[in-house]
Structures are given as C-alpha cells and as structure tokens.
Protein chains: 2
Amino acid sequence: MGEDKTYTISDLAREFAVTTRTIRFYEEKGLLSPSRNGQHRIFGKQDHARLELILRGKRAGLSLEESREIIDMYDPEGDNYKQYQFLLTKVDERQAQLESQLEDIKLLIKGLQEVRERCTRALNDIARPRAAKQ
Amino acid sequence: MGEDKTYTISDLAREFAVTTRTIRFYEEKGLLSPSRNGQHRIFGKQDHARLELILRGKRAGLSLEESREIIDMYDPEGDNYKQYQFLLTKVDERQAQLESQLEDIKLLIKGLQEVRERCTRALNDIARPRAAKQ
DNA sequence: GGGCAAGTTTACGTTAACGTCAACTGGTCA
DNA sequence: TGACCAGTTGACGTTAACGTAAACTTGCCC
C-alpha cells in the first residue's frame with residue numbers, strides 16, 4: 001500500500017517527450033520538487049501530476065508563471081477561512097480568463113472555416129467555371 | 001464609395017490598447033504593411049483587420065509566426081489549383097491544432113472547477129464542522 | 001579496473017516580443 | 001519663431017524558456 005511510484009528524470013522526459021534540461025529547469029523555477037537519493041533526483045506521483053499540468057498549460061498558451069498559479073491552487077498551503085476565500089476569487093479570475101481565451105480560439109476556428117469555404121468554392125470554380133466562355 | 005477609412009498609428013494604438021512600438025514591430029515583421037504619406041504611416045481597413053487577428057491570436061496563446069500563418073490564409077497570393085489545395089490542408093492542420101488547444105483549456109477549466117468545489121466544501125466544514133467535538 | 005551510460009552542476013548562448021532611450025523631422029498654433 | 005506635438009529611425013536592453021557545452025560523479029558490466 002505504501003508503494004508510492006517513483007520516476008527518474010529520464011522516465012519523465014520520455015513519457016512527456018521533453019528534455020531532461022527542461023525538467024531541471026522546472027525544478028529550478030520551483031515548479032517541481034523531487035526528493036534526492038544522493039545527488040540523483042527522485043520524482044513522485046505529485047511531480048508527475050504537476051508536470052502534466054505544466055505541459056497542458058503550455059499547450060494552452062499559458063506562461064510558466066500562469067501555470068504555476070493554477071497548479072498551486074491544487075494544493076493550497078494555509079487552511080483557514082481567508083485562504084479559501086481568496087483562493088476562490090483566484091479560481092474565478094483564472095476561469096474567466098481561460099473562458100475568454102476559449103472564445104478567441106473559437107473565433108479563430110470559425111475564421112478558418114470561412115477561409116475553407118471560400119477555398120473550396122474557388123476550387124469548384126476552377127473545375128467548372130461559373131461563366132463559361134460560351 | 002471610395003472613402004476607404006484610414007488610421008494613424010496612434011489611432012490603432014488607442015483602439016487596440018497597444019503601444020506604437022508594438023505596431024511598428026509588427027510592420028517590421030511583415031505582419032502589417034501600411035502605406036506612407038511622406039514618412040508617416042497610413043493604415044487601412046486591411047491593416048486594421050490584420051491587427052485584430054494578430055491580437056486575437058496572441059490572446060489565444062499563438063506566437064506571431066503562428067498568427068501570421070493563419071492570417072496569410074485570409075488573403076492567398078496565388079490563385080491556381082495547387083495553391084488552394086495546399087491552403088486547404090494548411091487550414092485543416094491549424095484547425096486541428098486549435099481544437100486540441102481548446103480541449104486543453106477545457107481540461108484546465110474543469111480542473112479549476114474541482115478545486116472550487118473542494119474549496120467551498122472546506123469553507124462549509126469551517127462554518128459547521130462535520131464531526132463536532134461531542 | 002576500465003569504460004560506458006545516466007546523472008549532476010555551472011555557465012554561457014539563443015530566440016521572441018517587445019521596452020526604452022536618443023536624436024531627428026515635420027506640422028501647427030499662439 | 002519658437003515651442004510643442006506626433007511621428008520617425010536606430011540602437012541597445014530585457015525577460016522567458018529553454019539549448020548547448022564542459023567538466024565531473026556514480027553505478028554497473030565484462
């Protein structure tokens with residue numbers, strides 16, 4: 001039951017397709033905090049989860065700082081009323097921002113779909129011109 | 001009818017809340033191409049539209065290069081069959097990427113909603129503790 | 001025990017996307 | 001005419017997010 005799965009740095013690098021340099025960099029920035037066996041890093045389940053979130057944030061276009069802010073919401077430090085109250089407003093802010101970003105992406109997709117339509121129409125016109133030469 | 005609206009650099013800067021430096025930088029990178037009156041820049045409707053797309057792309061987390069690629073799809077240069085064929089596959093690629101990005105954002109939002117629930121539950125527990133001291 | 005792979009630290013390099021001067025050029029308005 | 005804009009070019013500075021290279025340690029295999 002105490003079999004907490006661990007990972008080496010190259011385990012994680014392979015699984016998430018990043019370089020070991022990247023992982024060390026994330027640690028340097030305080031985004032990951034592996035324990036040590038001698039001088040070798042040992043990553044646990046939490047680091048695994050955090051890395052996943054970081055990369056998801058990256059794909060979503062967030063900076064590391066923004067990702068960190070979100071990730072830190074997952075394991076809050078204090079446990080008093082004000083803390084949670086504050087965290088709630090933070091969550092709301094982030095969520096609002098993400099949703100507006102989501103709208104922007106939807107608009108971009110919509111725009112591309114119009115381009116696509118104009119494009120296929122143009123292809124049709126080439127295939128069978130609307131106004132034949134008579 | 002020929003009243004093509006134009007903008008000065010600070011018109012655009014104001015409207016889109018960016019600095020003039022940013023706009024010049026975008027021109028330098030070939031994303032905008034204003035005409036000139038002497039040495040002063042004159043921006044037209046197309047530049048206006050392009051700037052809007054650039055900033056939308058930015059908010060969506062795209063790099064300038066990625067935005068440029070998308071924007072360039074709006075006014076294709078060639079007009080032959082292969083061009084459109086190629087453009088169509090490009091559009092598809094971009095769209096797929098944007099949609100996966102959209103999924104990542106949805107996941108982030110979902111995650112935050114869980115945090116929110118844990119958070120409000122914790123707040124409730126503080127207000128009226130589940131296990132009273134007996 | 002010699003070499004090899006995997007890991008470590010330190011340090012400098014790089015790219016994107018601007019910010020921040022500095023020095024100059026026209027207009028215009030009192 | 002002189003002062004004050006808005007605008008221009010040019011150059012260097014800055015931050016984020018790693019890449020890359022060098023020099024070293026450690027465990028393991030033959």
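Every chain is numbered from 1 and lettered A, B, ... according to where its sequence line falls, protein lines coming before strand lines.
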Within this structure, what is the [atom1]-to-[atom2] distance between [X] and [N], rounded to whole angstrom?
X	N	atom1	atom2	answer
B/I42	D/dA6	CD1	C1'	14 Å
B/I23	D/dA6	CD1	C1'	13 Å
B/E28	D/dG7	CD	P	18 Å
B/Q39	C/dG27	CD	C1'	12 Å
B/E27	D/dG7	CD	P	14 Å
B/R24	D/dG7	CZ	C1'	6 Å

field: Contacting residues from residues 43-55 of chain A, given that a heavy atom lies under 4.0 angstrom of DNA chain C
entry: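 By residue number: none to list.
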
message: Between A/K90 and A/D72, does any side-chain N to carboxylate O distance fall below 4.0 Å?
response: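 Result for this pair is no, no salt bridge flagged.
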
message: Salt bridge or not between B/R56 and B/E52? Use side-chain N to carboxylate O under 4.0 Å.
response: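 Looking at B/E52 together with B/R56, the answer is yes, because their closest N to O distance falls below 4.0 Å.
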
Residues which pass ring pair (Phe, Tyr, Trp, His ring centres under 6.0 Å) with B/Y74, listed by chain and number, not counting sequence neighbours: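 Partners of B/Y74 under the ring pair (Phe, Tyr, Trp, His ring centres under 6.0 Å) test: none.
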
- prompt: What residues form a ring pair (Phe, Tyr, Trp, His ring centres under 6.0 Å) with B/F43, not counting sequence neighbours?
  reply: none

- prompt: Applying side chain to side chain donor-acceptor pair (under 3.5 Å), which residue pairs with at least one partner in residues 26-36 of chain B are found, sequence neighbours left out?
  reply: B/E27-B/R36, B/E27-B/R41

Polar-atom pairs under 3.5 Å, protein N or O versus N or O of nucleotides 4-6 of chain C: list them with distances, or write none.
none

query: Going by the angle between their ring planes, with limits at 30° and 60°, are B/F16 and B/H48 parallel, tilted or perpendicular?
result: tilted

A/E66 side chain to A/S63 backbone, donor-acceptor under 3.5 Å: yes

task: Check for a donor-acceptor pair, side chain of B/E103 on one end and backbone N or O of B/L98 on the other, with a separation under 3.5 Å.
output: no

- prompt: Less than 4.5 Å apart, any side-chain heavy atom of B/Q97 and any of B/L62?
  reply: yes

query: Mind checking whether B/H40 and B/T8 have side chains closer than 4.5 Å, heavy atoms only?
result: no

statement: Once base and sugar-phosphate atoms are separated, protein heavy atoms under 4.0 Å mark nucleotides 16-21 of chain C, 5' to 3', with B, S and - as -BBBB-

- prompt: Should B/L102 and A/L55 be regarded as members of a common hydrophobic cluster, given that ILVMFWY residues are connected when their side-chain heavy atoms come within less than 4.5 Å of each other, either directly or indirectly?
  reply: yes

